[in-house]
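Values below: every heavy atom of this structure, side chains too, minus hydrogens, waters and symmetry copies. It should be emphasised that the depicted structure is a prediction, and the values quoted were computed from it without experimental measurement.
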Amino acid sequence: MKKQKSYDVGIKADNGGKAVTRRKISTQDMVLCGVFTTLIAVGAFIKVPVPVVPFTLQFLFTMLAGLLLGGRKGALSVGVYILLGLVGLPVFAEGGGFWYILKPSFGYLLGFMLAAYVTGTMVERKKKLLTGWVIAVNFLGLFIVYAAGMIYYYVICNYVIDTPIAIGSLFLYCFVLAVPGDICLCILAAVLTVRVRPMFQKMLGAV
(Lines give C-alpha, C1' and ligand atoms only; values in the text may rest on other atoms or scores of the structure.)
Protein backbone atom coordinates (compact mmCIF):
# COMPACT_ATOMS: atom_id res chain seq x y z
CA MET A 1 0.00 0.00 0.00
CA LYS A 2 1.41 3.39 -1.00
CA LYS A 3 2.25 5.86 1.69
CA GLN A 4 0.20 9.02 1.41
CA LYS A 5 2.15 12.06 0.30
CA SER A 6 2.32 15.10 2.56
CA TYR A 7 3.47 18.68 2.09
CA ASP A 8 5.00 21.26 4.40
CA VAL A 9 2.66 24.13 5.20
CA GLY A 10 4.64 25.92 7.90
CA ILE A 11 7.73 25.99 10.08
CA LYS A 12 7.89 26.63 13.80
CA ALA A 13 11.07 28.26 15.07
CA ASP A 14 12.55 28.26 18.57
CA ASN A 15 13.94 31.33 20.35
CA GLY A 16 17.26 30.87 18.60
CA GLY A 17 15.66 31.08 15.21
CA LYS A 18 16.23 27.41 14.36
CA ALA A 19 13.50 25.43 12.66
CA VAL A 20 12.32 22.75 15.09
CA THR A 21 8.92 21.64 13.81
CA ARG A 22 7.25 21.31 10.42
CA ARG A 23 3.51 21.00 10.03
CA LYS A 24 2.44 18.84 7.15
CA ILE A 25 -0.79 18.45 5.27
CA SER A 26 -1.55 15.22 3.42
CA THR A 27 -2.83 14.87 -0.12
CA GLN A 28 -6.16 13.75 1.31
CA ASP A 29 -6.35 16.88 3.47
CA MET A 30 -5.54 19.06 0.47
CA VAL A 31 -8.34 17.46 -1.52
CA LEU A 32 -10.87 17.91 1.31
CA CYS A 33 -9.83 21.53 1.83
CA GLY A 34 -10.19 22.09 -1.92
CA VAL A 35 -13.67 20.57 -1.87
CA PHE A 36 -14.79 22.92 0.90
CA THR A 37 -13.15 25.91 -0.79
CA THR A 38 -15.23 25.09 -3.86
CA LEU A 39 -18.41 24.68 -1.79
CA ILE A 40 -17.82 28.04 -0.11
CA ALA A 41 -17.39 29.69 -3.52
CA VAL A 42 -20.53 28.04 -4.88
CA GLY A 43 -22.44 28.86 -1.69
CA ALA A 44 -21.96 32.58 -2.32
CA PHE A 45 -24.20 32.26 -5.38
CA ILE A 46 -26.87 29.96 -3.92
CA LYS A 47 -29.46 32.46 -2.74
CA VAL A 48 -32.37 31.40 -0.57
CA PRO A 49 -35.43 33.55 -1.39
CA VAL A 50 -36.84 34.51 2.00
CA PRO A 51 -38.76 37.69 2.93
CA VAL A 52 -36.93 40.96 3.71
CA VAL A 53 -33.27 39.87 3.33
CA PRO A 54 -32.49 36.85 1.10
CA PHE A 55 -29.39 34.97 2.26
CA THR A 56 -26.91 32.55 0.72
CA LEU A 57 -25.56 29.17 1.83
CA GLN A 58 -21.99 30.45 2.11
CA PHE A 59 -22.14 30.70 5.90
CA LEU A 60 -23.31 27.08 6.10
CA PHE A 61 -20.31 25.80 4.12
CA THR A 62 -17.79 27.90 6.06
CA MET A 63 -19.16 26.46 9.30
CA LEU A 64 -19.08 22.90 8.00
CA ALA A 65 -15.49 23.40 6.87
CA GLY A 66 -14.41 24.00 10.45
CA LEU A 67 -16.78 21.53 12.07
CA LEU A 68 -15.85 18.62 9.80
CA LEU A 69 -12.21 19.32 8.94
CA GLY A 70 -11.10 20.86 12.22
CA GLY A 71 -10.02 24.39 13.06
CA ARG A 72 -6.76 24.64 11.15
CA LYS A 73 -7.91 22.97 7.93
CA GLY A 74 -11.31 24.65 8.07
CA ALA A 75 -9.70 28.08 8.33
CA LEU A 76 -7.31 27.10 5.54
CA SER A 77 -10.26 26.26 3.26
CA VAL A 78 -11.82 29.67 3.89
CA GLY A 79 -8.46 31.42 3.61
CA VAL A 80 -7.76 29.88 0.20
CA TYR A 81 -11.21 31.00 -0.96
CA ILE A 82 -10.49 34.57 0.16
CA LEU A 83 -7.06 34.51 -1.50
CA LEU A 84 -8.50 33.26 -4.79
CA GLY A 85 -10.99 36.11 -4.77
CA LEU A 86 -8.37 38.73 -3.96
CA VAL A 87 -6.11 37.65 -6.82
CA GLY A 88 -8.96 38.23 -9.25
CA LEU A 89 -11.03 35.07 -9.62
CA PRO A 90 -14.76 35.95 -9.59
CA VAL A 91 -15.60 33.79 -6.57
CA PHE A 92 -17.03 36.55 -4.40
CA ALA A 93 -20.69 37.54 -4.63
CA GLU A 94 -19.72 40.66 -6.59
CA GLY A 95 -16.73 39.40 -8.54
CA GLY A 96 -13.14 39.42 -7.35
CA GLY A 97 -9.97 41.48 -7.14
CA PHE A 98 -7.82 43.12 -4.49
CA TRP A 99 -10.17 46.11 -4.46
CA TYR A 100 -12.65 43.89 -2.60
CA ILE A 101 -10.94 44.72 0.70
CA LEU A 102 -12.53 48.18 0.36
CA LYS A 103 -16.02 46.70 0.28
CA PRO A 104 -17.73 47.08 3.66
CA SER A 105 -18.90 43.46 3.52
CA PHE A 106 -15.35 42.08 3.26
CA GLY A 107 -15.17 41.88 7.04
CA TYR A 108 -17.70 39.05 7.01
CA LEU A 109 -15.29 36.95 4.92
CA LEU A 110 -12.57 37.49 7.50
CA GLY A 111 -15.11 36.56 10.16
CA PHE A 112 -15.85 33.32 8.31
CA MET A 113 -12.20 32.28 8.51
CA LEU A 114 -11.84 33.15 12.20
CA ALA A 115 -15.14 31.44 13.08
CA ALA A 116 -14.17 28.29 11.17
CA TYR A 117 -10.96 28.11 13.19
CA VAL A 118 -12.57 28.71 16.57
CA THR A 119 -15.58 26.43 16.14
CA GLY A 120 -13.54 23.74 14.41
CA THR A 121 -10.96 23.74 17.20
CA MET A 122 -13.65 23.43 19.84
CA VAL A 123 -15.42 20.56 18.07
CA GLU A 124 -12.32 18.52 17.20
CA ARG A 125 -11.46 18.29 20.91
CA LYS A 126 -14.74 16.47 21.59
CA LYS A 127 -15.01 12.75 20.95
CA LYS A 128 -18.78 12.61 21.21
CA LEU A 129 -20.92 15.47 19.99
CA LEU A 130 -24.38 16.45 21.17
CA THR A 131 -26.51 18.48 18.79
CA GLY A 132 -27.32 21.11 21.42
CA TRP A 133 -23.65 21.64 22.23
CA VAL A 134 -22.71 22.01 18.56
CA ILE A 135 -25.54 24.53 18.11
CA ALA A 136 -24.08 26.57 20.98
CA VAL A 137 -20.63 26.42 19.36
CA ASN A 138 -22.15 27.54 16.06
CA PHE A 139 -23.81 30.50 17.80
CA LEU A 140 -20.35 31.50 19.03
CA GLY A 141 -19.14 31.30 15.45
CA LEU A 142 -22.12 33.37 14.35
CA PHE A 143 -21.19 36.03 16.92
CA ILE A 144 -17.60 36.09 15.63
CA VAL A 145 -18.76 36.50 12.02
CA TYR A 146 -21.14 39.34 12.79
CA ALA A 147 -18.76 41.09 15.17
CA ALA A 148 -15.96 41.07 12.58
CA GLY A 149 -18.35 41.95 9.77
CA MET A 150 -20.07 44.85 11.49
CA ILE A 151 -16.89 46.40 12.89
CA TYR A 152 -15.21 46.24 9.46
CA TYR A 153 -18.37 47.59 7.80
CA TYR A 154 -18.50 50.58 10.16
CA VAL A 155 -14.81 51.42 9.83
CA ILE A 156 -14.74 51.17 6.01
CA CYS A 157 -17.94 53.21 5.57
CA ASN A 158 -17.10 55.95 8.03
CA TYR A 159 -13.34 56.29 7.70
CA VAL A 160 -12.28 54.92 4.31
CA ILE A 161 -14.87 55.31 1.55
CA ASP A 162 -16.71 58.26 3.13
CA THR A 163 -20.22 56.82 3.12
CA PRO A 164 -21.15 57.29 6.79
CA ILE A 165 -23.51 54.86 8.47
CA ALA A 166 -24.99 55.29 11.94
CA ILE A 167 -24.72 52.58 14.58
CA GLY A 168 -28.49 52.13 14.61
CA SER A 169 -28.73 51.63 10.86
CA LEU A 170 -25.74 49.29 10.92
CA PHE A 171 -27.34 47.17 13.64
CA LEU A 172 -30.68 47.04 11.81
CA TYR A 173 -29.51 46.19 8.29
CA CYS A 174 -26.36 44.21 9.09
CA PHE A 175 -27.68 42.23 12.03
CA VAL A 176 -31.39 42.31 12.87
CA LEU A 177 -32.65 41.75 9.33
CA ALA A 178 -29.85 39.38 8.32
CA VAL A 179 -29.33 37.11 11.32
CA PRO A 180 -32.56 35.01 11.39
CA GLY A 181 -31.55 33.01 8.31
CA ASP A 182 -28.07 32.40 9.68
CA ILE A 183 -29.52 31.16 12.97
CA CYS A 184 -31.37 28.51 10.96
CA LEU A 185 -28.10 27.61 9.22
CA CYS A 186 -26.40 27.22 12.61
CA ILE A 187 -29.00 24.62 13.58
CA LEU A 188 -28.78 22.85 10.22
CA ALA A 189 -24.98 22.75 10.40
CA ALA A 190 -25.13 21.22 13.88
CA VAL A 191 -27.51 18.46 12.78
CA LEU A 192 -25.38 17.68 9.73
CA THR A 193 -22.16 17.67 11.76
CA VAL A 194 -23.44 15.21 14.36
CA ARG A 195 -24.56 12.84 11.60
CA VAL A 196 -21.65 13.23 9.16
CA ARG A 197 -18.61 13.77 11.41
CA PRO A 198 -18.16 10.07 12.35
CA MET A 199 -17.84 9.28 8.65
CA PHE A 200 -15.20 12.00 8.23
CA GLN A 201 -13.26 10.69 11.22
CA LYS A 202 -13.15 7.21 9.75
CA MET A 203 -12.14 8.62 6.38
CA LEU A 204 -9.28 10.52 7.97
CA GLY A 205 -8.26 7.61 10.16
CA ALA A 206 -9.09 9.48 13.35
CA VAL A 207 -11.04 6.57 14.86
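In the hydrophobic clustering of ILVMFWY residues, with side-chain heavy atoms under 4.5 Å counting as a link, V191 and V196 come out apart. In terms of hydrophobic clustering, with Ile, Leu, Val, Met, Phe, Trp and Tyr side chains grouped at heavy-atom distances under 4.5 Å, L177 and I167 are assigned to a common cluster. Note: the hydrophobic cluster containing F143 does not contain Y154 (ILVMFWY, side chain heavy atoms under 4.5 Å, direct or indirect links). By the criterion of side-chain heavy atoms lying less than 4.5 angstrom apart, applied directly or through intervening Ile, Leu, Val, Met, Phe, Trp or Tyr residues, L83 is not grouped with L76; the two fall into different hydrophobic clusters. Hydrophobic clustering (side-chain heavy atoms under 4.5 Å, transitive across Ile, Leu, Val, Met, Phe, Trp, Tyr) groups I161 together with Y159.
Atom CG of L142 sits about 12.5 Å away from atom CD1 of I135, to the nearest 0.5 Å. Distance CD/Q28 to SG/C33: 10.5 Å, rounded to 0.5 Å. The line from CD1 of I40 to CG of L57 is 12.5 Å long, rounded to the nearest 0.5 Å. L110 contributes atom CG, which lies 10.5 Å from atom OG of S105 (distance to the nearest 0.5 angstrom). Rounded to the nearest 0.5 angstrom, L32 CG and L69 CG are separated by 6.0 Å.
The cationic atom of K103 (NZ for Lys, CZ for Arg) lies less than 6.0 Å from the six-membered ring centre of Y100 and within 45° of the ring axis.
In terms of heavy-atom proximity, L60 sits nearest to A189 at CD1-CB, 3.8 Å. Nearest heavy atoms, T193 versus P198: O-CD, 4.3 Å. Taking each heavy atom of Y81 and Q58 in turn, the nearest pair found is OH-NE2, 2.7 Å. In plain terms, the two heavy atoms of C157 and P104 that are nearest each other are SG-CG, 3.6 Å. Taking both residues in full, the closest heavy atoms of Y108 and M150 are given as OH-CG, 3.6 Å, listed atom of the first, atom of the second, then distance. Closest approach of T56 to A44, counting heavy atoms only: CG2-O, 3.5 Å.
Formation of a donor-acceptor pair under 3.5 Å by the Y146 side chain with backbone atoms of C174 is not found in this model. A donor-acceptor contact shorter than 3.5 Å links the side chain of R197 to the backbone of V123.
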Could you give me the CA-CA distance, side-chain angles and deciding distance for W133 and K128, then say whether side-chain contact (heavy atoms from CB on, under 4.5 Å) is met? CA-CA 10 Å; W133 185 83; K128 186 176 181 180; over 6 Å; no

Y152 vs I101, side-chain contact (heavy atoms from CB on, under 4.5 Å): CA-CA, chis, key distance, verdict: CA-CA 10 Å; Y152 195 93; I101 64 171; 3.9 Å; yes

side-chain contact (heavy atoms from CB on, under 4.5 Å), that's the test. Do T62 and F59 meet it? Break it down for me. CA-CA 5 Å; T62 58; F59 178 53; 3.9 Å; yes

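When the options T131, L67, L130 are evaluated for a side chain to side chain contact (heavy atoms under 4.5 Å, CB included) with V194, the one that passes is T131. Screening V80, V78, L64 for a side chain to side chain contact (heavy atoms under 4.5 Å, CB included) with F36, the sole residue that qualifies is L64. With F61 as the fixed residue, the side chain to side chain contact (heavy atoms under 4.5 Å, CB included) test singles out one of T37, L185, L39, V42: L39.
Residues F92 and L109 meet the side-chain proximity criterion, which asks for heavy atoms closer than 4.5 Å. For the pair N138 and M63, the minimum side-chain heavy-atom distance is below 4.5 Å. The shortest distance between side-chain heavy atoms of I183 and F139 falls below 4.5 Å.
Around CZ of F106, the count of heavy atoms belonging to other residues, nucleotides or ligands within 6.0 Å exceeds 12. Within 6.0 Å of CZ on F45 lie more than 12 heavy atoms contributed by other residues, nucleotides or ligands.
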